[in-house]
Each structure stands twice: as C-alpha cells, then as structure tokens.
Number of protein chains: 4
Amino acid sequence: MGIQERKRRERKRRRRQILVAAKKVFSIKGFTKTTMEDIAREAELSPGTLYLYFKNKDELYASLSVEILEHLYNKLKRVYVKEAQSPQRRIDLLKQTLFEVYEFDPLILVNLFHLQSSDILKNLSAPMLAHIRDLSQKTIDLIARIFEEGVSGQVFIEKPPQELSNVMWALFSGIVLWEESKRIINDQSVPVHPAFDTAFEIFSRGISR
Amino acid sequence: MGIQERKRRERKRRRRQILVAAKKVFSIKGFTKTTMEDIAREAELSPGTLYLYFKNKDELYASLSVEILEHLYNKLKRVYVKEAQSPQRRIDLLKQTLFEVYEFDPLILVNLFHLQSSDILKNLSAPMLAHIRDLSQKTIDLIARIFEEGVSGQVFIEKPPQELSNVMWALFSGIVLWEESKRIINDQSVPVHPAFDTAFEIFSRGISR
Amino acid sequence: MGIQERKRRERKRRRRQILVAAKKVFSIKGFTKTTMEDIAREAELSPGTLYLYFKNKDELYASLSVEILEHLYNKLKRVYVKEAQSPQRRIDLLKQTLFEVYEFDPLILVNLFHLQSSDILKNLSAPMLAHIRDLSQKTIDLIARIFEEGVSGQVFIEKPPQELSNVMWALFSGIVLWEESKRIINDQSVPVHPAFDTAFEIFSRGISR
Amino acid sequence: MGIQERKRRERKRRRRQILVAAKKVFSIKGFTKTTMEDIAREAELSPGTLYLYFKNKDELYASLSVEILEHLYNKLKRVYVKEAQSPQRRIDLLKQTLFEVYEFDPLILVNLFHLQSSDILKNLSAPMLAHIRDLSQKTIDLIARIFEEGVSGQVFIEKPPQELSNVMWALFSGIVLWEESKRIINDQSVPVHPAFDTAFEIFSRGISR
DNA sequence: GATGAATGAGTATTCATTCAT
DNA sequence: AATGAATGAATACTCATTCAT
C-alpha cells in the first residue's frame, strides 16, 4: 500500500468521523440549532477541520442524505440486475432494501424533505446539487421500472392512472407519515393506527369489495 | 355590536393580514431566509406589530399550519357527522376534502414536516403545542374511524396488519412524495411517474394477480 | 419643524457620532486591527446600529475620506467661483485650503492611499464608488484649472519659499500621487494632467514669473 | 565551495523564490486578500515552508519593500561615491535610479504607504524594524546630500521640463511623503530635511542656475 | 395599539500559524 | 528541510426581539 493510498484512506476515515458526529448532533438538536462547533466537539476535531472536508454547514447536512441515497441506489441496482428474478421477487427485495435504509436512519424522510427546502439547496455547490438530482432521478426510475416490467409482463394488473389519485394519495399518506415522524422524533412507542393498514389499500386503489 | 366586539373583529382582521403575508413570504424564501421584517413589509405593518399578535417567529410559522389543520379537521367532522352516509361515500368525501386542503396550500406537507422538527417545536408556547397535538390526534382518529367502520360494517375487506407494512409503505411513499415535493417547489409540470399508480397498489397490498 | 425634519436631523447626528468614533479608533489601531465592536464601544452604540448607517466596515472607512474630499471640493469651488480673484490669490487660497484639510486630518494621505487599495474598493456599493470617483475627478480638475489660468494669464510673480511649504507641498503632491496611483492600479492610460508640470514648479517654489 | 556555502546559496534561492511569488500575488489581490497559501501555491512550496524563511505574513510583506529600498540605497551609494562627478550628473543619475526602481515595481509607493500603517509595523521583529528605519534614513540623507552639494557648489544650470518628469517627480515626492507620513503617524518631531526646499524646486523644474 | 430605531447575542467561516511526520 | 493537515482564535454581520415614543 503506497503512501498515496494510506492518505486517501485516512482522509475517508476523517470524513466518516465527521459525518457520524454530524448525524448524531443534527438528530438531537435539529439543523438550525446545531452549530458547527457542536459537531466539531462531537467529532473531537476543531471547527476549522470540518471545512477541510465539507464546503459549509449545508453541504455537510446534505452529505448525510446523499450517503443514504447512494446506499439505496446501489442496493436497488443489485436488486434489478439479477436477470432471473420474477417481478414479485423484485418487489420483495425492494421492500427489504427500503427497510434496511430505514433501520440505518429512521429520520431519512424528514431529512430528505428538509433538504428539499430552498433554504438549503441554494447553498450547495453545483456538483453536489447535480449529484443529488441525478441520484434521486435514477433511484425513482429504477423503482418505476420494477413495477413497469411487472405490468408489461402481465404479472401485475395494469391500473389506469386515476385522475388526481397520486396527489390525493400523497396527501393522505403525508398526514400519516406526519404521525409516524412524530413517533420517530419523540421516540415514543405510539404505533401508527392499525386501521391504516386497510386505509392504505382502499385509498390507493379506490376499490372496495 | 359593542365596542368590545368591534375591537375583537379588528384584531382578528390584523391577525389574518399577517398570516396571509407570512404565508406568501415563507413559501417564496423558506423559513430561515424569511425575516420578520420581510413579513412586516409584506403586511404593510411594522416589525413590532407582529409581536402584538404572535409570540415569536416560530409561533407565527406554526400558526399557518394550525390554520390548515383546523380547516381540515372541521371539514372531516362534517363528513363524519352525517349519520346516513355509507362508508364508501365517506371515503369519497375524505378524498375531496384532502384535495381542497392541497389546493389551498400545496406546500402543506413540507410545512408540516418542518413544523415537526425539534427546531421549531421547542420555541412554541405550551398552549400552542398542546393545541397542535390535540388537533392532529383528533384528525388522525377521525380518519381512522372512517376506515374502521367500513371494516366492521364489512363494507371493506379487513386486511390483517402485515409485519412492518406501515413502515415500508411510509418509506416507499416518502420517496415518491419527495419527488412530488420537488415538483411543487420548483413549480415544474413534471408529473409523478405513472408507473407508481400501480406501484402504490401493489406495495400497500403486497398482492398481485 | 415637522417630525420628518426632526428625524432627519437625528439621523444625521447619529451618522456623525459614528464617523467621529470611527476616525478616532481607526487612527489609533489602523484599519485591520480595528473591530466594528471597537467603534461601537467608542460611539456608545451597539454593533448592530453601525450597520443601520453604513453598509459594512469598508464603507464606513471610505466615508471618512469622502467627508474630507467633499469638504475640500466645496472649499475649492468657493475659491474658484469668485470671478474677480487673481491667479496669485487663488494659489494662496488653495494652499490655505489644503492646509486646513491637513489640520483636520493629518492622516488624509495615508487614508487615501489605503482607500485606493483594491482590498477596500471591491466592497463598496456602486453609488459610493461612483461618488468617490466623481469627487476626486472634479477636485483634481479644479486645482488644475487654477494653475492653467495663472499660466495663460501670465500673472505670477516671483516669491521666496515660505515656511510650511514642505507640508503644503506634500499635501498637494499627495493628491496628485493619489491620482497617479489610481492610474497604476487600474492600469489605465490616463496621464497626470499636464498642467501640473507647471503647477509643481509654482507650488513648490512659491514663485511665478 | 564547501557544503556550508552551497546550503547558504540554496537558502537564498528559496527566499528569492518566495519573494517573487509573494510580490506577484500581493500585487494582484492586495495584502489582506492574499493568503499565505496563495503565496505557497504560487511558489510551488507548502505553507509551512514559508515560515522557515519569514517570521510571519507581515514580515514577508515588509521584506518586499526592504528589497527595493536596499536596491535603491546601493545604487545611490554608487552614484554618490564617485568623487569626480558633478552635481548635475548626480541629479541625472538619481533620476535614472528612481525610474529604475519604479520600473521594477510601480506599486512601490502604495506598498510603502501600506507598510507605514501601524497594522503592519507592530508585527515586525525588532531587527527588521530597525533595519527599515536605518535604511530609509540613510537613503533620505543620501538624496539630500546630493542636492545640498549642488546648491552650495552653485553649479546647476537651467533646463526645460523633461518627458516623464511627472512620474519621476512622483517617485521622488513619494519618498519624501513616506518620510513625512512616518513623522505624522509616529508623532515624532523629526522635520523633513530642509534641503528638500531646494530639492523640490530643482527636481520638479528640472532647472538649475 | 402601533411604531421602528436600537439592541446585542449568536455563529458560520477564514486563515495565519504550528508541528508531527 | 519540507510538508500540509490540523488548529482555534478572531470577527464581520444578521436579525429576532424590545421598548420609548
């Protein structure tokens, strides 16, 4: 292992060290209330060092979400690549992958939504921004393709798009997600209401017996 | 109408004037970048006046979401109250109500998620906080009840809770919502991918043909 | 006196209060070592207040020089305007004016040189920058005209060097040097005004034909 | 040549390499905006190395001016030393020398003025400071002597103003101004050398008896 | 009630300087 | 000698909030 390689690894280790500290502090104090000094202290580094690895606070914050998105995308690629798999099997793997991501960071949704706010996006470097856009686009495409193939292979029923169904579904699920996020943030053991198991089905299908 | 009453109305009018201005500025500049002076200017009032009607910036921001939640809850109450209605009809009214709310403020989801962040919650007055908790609990209960009655009346199929299905569903829908929010924020007419119409169904039911 | 007028005066008084404090601290500690808090403390105001009257530290610094330039220009205008005066008399008044400026702020040359540095110029607002350029151009033009007319009218008479001539010569040449340094820094090919060839002679010798 | 000698030369070469880089970057970005890393990059060295050759940023900056002052002083010494030369010839050589310095660094006046600011002087090491004071004193003395002897020997003859006289005059007066500004800043009662009363006349007119 | 000038606490960011390798 | 990663002190500037009028 050359000296170059050793340095590269050392650098990666530091980056990780900072990200771990940042994730911890952000999830406790929230984005605004967290100071760069808080993170530095948690990482046992000086404030200045943080800026050797991340352009600014926003970019450090965004990097946390990017990490998970990358993980998700790479996992999904592997799900999709294996030719032999049936659409049904792919759905199962998709679910499993999503759950893994969730276990790694239960706040992923809250963070992604916050990342979306113009507050943060405007301070990111162009490459970082492009990377995020590209990554989320490819992830969405991949997920969509899994379902499309199921439909075209006639394994899944094709359901004609319903007027506004997506938006309404999004609103409905958003409200439930909001409940869910309260549970996560406050770390209370209040489960989502069980009635929603049925609700999701009905609402998204627009079907009843 | 007594002088007391006139004052009360005047006071309500001012409050509304501020909320309208706040909503406008917040949705353009985001929470952090919006200053109290921005809002004051938009409302054609002085900064000091804002504090006669709202305890602080966080409480002003939260009030916007509370307004919509109150609107949603009141609508849903009316949906539920009418005894004669069938569960199916109630679902339809629920969808319609949600869409109304969406039209009133497409950013509602983003705002609710932001409100959830500990950043803001910690600055709210106790009564305000209690009000929000109460309101969201009652709203969720109401929605749940609509589905429960459909199930107990055997109008809807009862679906046994699947292990983790809620969480996975939330993750999946969260990612799609994230896409949707990009569309709203950037005001582009990129619709959610049509494949998701089928995806929602499959994913939430865990069922295929 | 209306309320408007009273406010305008109050505002002007505050501005002056800040400038006086700034001049004092700057001349003791130099530009870089002086902090905005130093100035605020000296002016018995809070740091934030400084920014209600000056866009930033650079603009506050520049305003000090602008003030003197304005004073100089206005004095010189009066010198020039009185039609009946002889060129000789105008030279005397010019010397007197320069000496007044010197007495008001002996550091004027150093400040003008520093102001000239790209460090500061780049942070000034466009109007401020334009004002400075305009003011210095007009001042230089005015001085040049005084000598031109004396020469073309062939009215100077010889006199022995006067006491203080060095200081006055320094002030005069400093202004021309300032012009020259601008030329050097901006790499523009605007030569020093040719009238100064004669001006130097007359000014330094106190002699004319 | 011993190993000692080789090392000494190598050391000098590095020093020069740094000064060349520093001069280039300082003249582009100005003192404050130039970082030590900028200079290191330009010199193709590491930041740490700069500190092996210069105590700190201020001392590096000052060294640039010292270099030129040394050059000027050495040249002038040679002008003066040759006994046989006439005062007139000495004036010509003085002019020529000043112009050389000007060509080497047109920003010399600006730099000297900046060096004069208390900002920088306070950070210099005692020997460096003494060296600067000594050097400038001796340079001024030398120039003064040239004029004194010309006057006392009654040997100047009249000449018409020469091309470039403005620039040369500026250089000359700049040095005196620099002296004058030191006096002002340090509040010392060292008057400008009286010989300059005559010097100004001769130098600016290009005339002698 | 309304104002808006003044406040001053709070923080992201920079960069000269150091020192282990 | 040279490196350059790490340091951490230093500070301009912002803006939510207050309060005398």
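Hydrogens, waters and symmetry mates are skipped; everything else that's a heavy atom, side chains included, is used. Proteins come first, then strands; the chains are lettered A, B, ... in the order of their sequence lines, and each starts at number 1.
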Q.
On DNA chain E, does the nearest nucleotide to A:Thr34 precede the nearest nucleotide to D:Asn56 from the 5' side, or the other way round? Give the residue.
A.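 Looking at DNA chain E, the more 5' nearest nucleotide goes with A:Thr34.
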
Q) Mapping B:Leu52 and A:Pro47 onto DNA chain E by nearest heavy atom, which one lands closer to the 5' end? A)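 The 5'-side residue here is B:Leu52.
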
What nucleotide, of [options], holds the atom closest to the side chain of [X]?
| X | options | answer |
| --- | --- | --- |
| D:Lys57 | F:dG4, F:dA16, E:dT17 | E:dT17 |
| A:Ser46 | F:dG8, F:dA1, E:dC15 | F:dG8 |
| B:Met36 | E:dA12, E:dA16, F:dA16 | F:dA16 |

Q: Flag yes if more than 12 heavy atoms outside B:Lys12 fall under 6.0 Å of its NZ atom; otherwise flag no.
A: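 Atom NZ in B:Lys12 is not packed in, count stays at 12 or less.
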
Length of the [atom1]-[atom2] vector between [X] and [N], whole Å:
| X | N | atom1 | atom2 | answer |
| --- | --- | --- | --- | --- |
| C:Leu50 | E:dT7 | CG | P | 10 Å |
| A:Lys7 | F:dA6 | NZ | C1' | 13 Å |
| C:Phe54 | E:dA6 | CZ | C1' | 16 Å |
| C:Glu10 | E:dA6 | CD | C1' | 12 Å |
| D:Glu59 | E:dA16 | CD | P | 15 Å |
| C:Lys33 | E:dA16 | NZ | P | 13 Å |
| A:Lys55 | E:dT13 | NZ | P | 9 Å |
| B:Tyr51 | E:dG4 | OH | P | 16 Å |

N or O in side chain of [X] less than 4.0 angstrom from [N] OP1/OP2:
| X | N | answer |
| --- | --- | --- |
| C:Tyr53 | E:dA5 | no |
| B:Thr49 | E:dA2 | no |
| C:Arg11 | E:dA5 | no |

**Q.** Closest-nucleotide 5' rank along DNA chain F - winner of B:Asp58 and D:Glu44
**A.**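 By nearest-heavy-atom nucleotide position, the 5'-most residue is D:Glu44.
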
Q) Relative to the 5' end of DNA chain F, which residue comes earlier, C:Glu37 or D:Leu45, by the nucleotide with the nearest heavy atom? A)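 The residue closer to the strand's 5' end, by nearest nucleotide, is D:Leu45.
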
Q.
With a 3.5 Å limit on both atom pairs, tell me what E:dC15 is paired to, counting Watson-Crick and G-U wobble, or say none.
A.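 E:dC15 is paired with F:dG8.
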
Q) If we call it a pair only when both distances are under 3.5 Å in a Watson-Crick or G-U wobble match, what pairs with F:dA20? A)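 By the stated definition (distances under 3.5 Å), E:dT3 pairs with F:dA20.
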
Q. Quick one: does C:Arg14's side chain get under 4.5 Å of C:Gln17's, heavy atoms only?
A.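 Side-chain contact under 4.5 Å: yes.
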
Q. Can a salt bridge be assigned to the pair A:Glu67 and A:Arg16 using a cut-off of 4.0 Å between side-chain N and carboxylate O?
A.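 Salt bridge present between A:Glu67 and A:Arg16.
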
Q | Salt bridge flag under 4.0 Å for residues A:Glu10 and A:Arg6 | A |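 Judged by the 4.0 Å cut-off on N to carboxylate O distance, A:Glu10 and A:Arg6 do not form a salt bridge.
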
**Q.** Heavy-atom pair of closest approach, residues A:Asn56 and A:Tyr51
**A.**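 Minimum heavy-atom contact is CA-CE2, 3.9 Å.
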
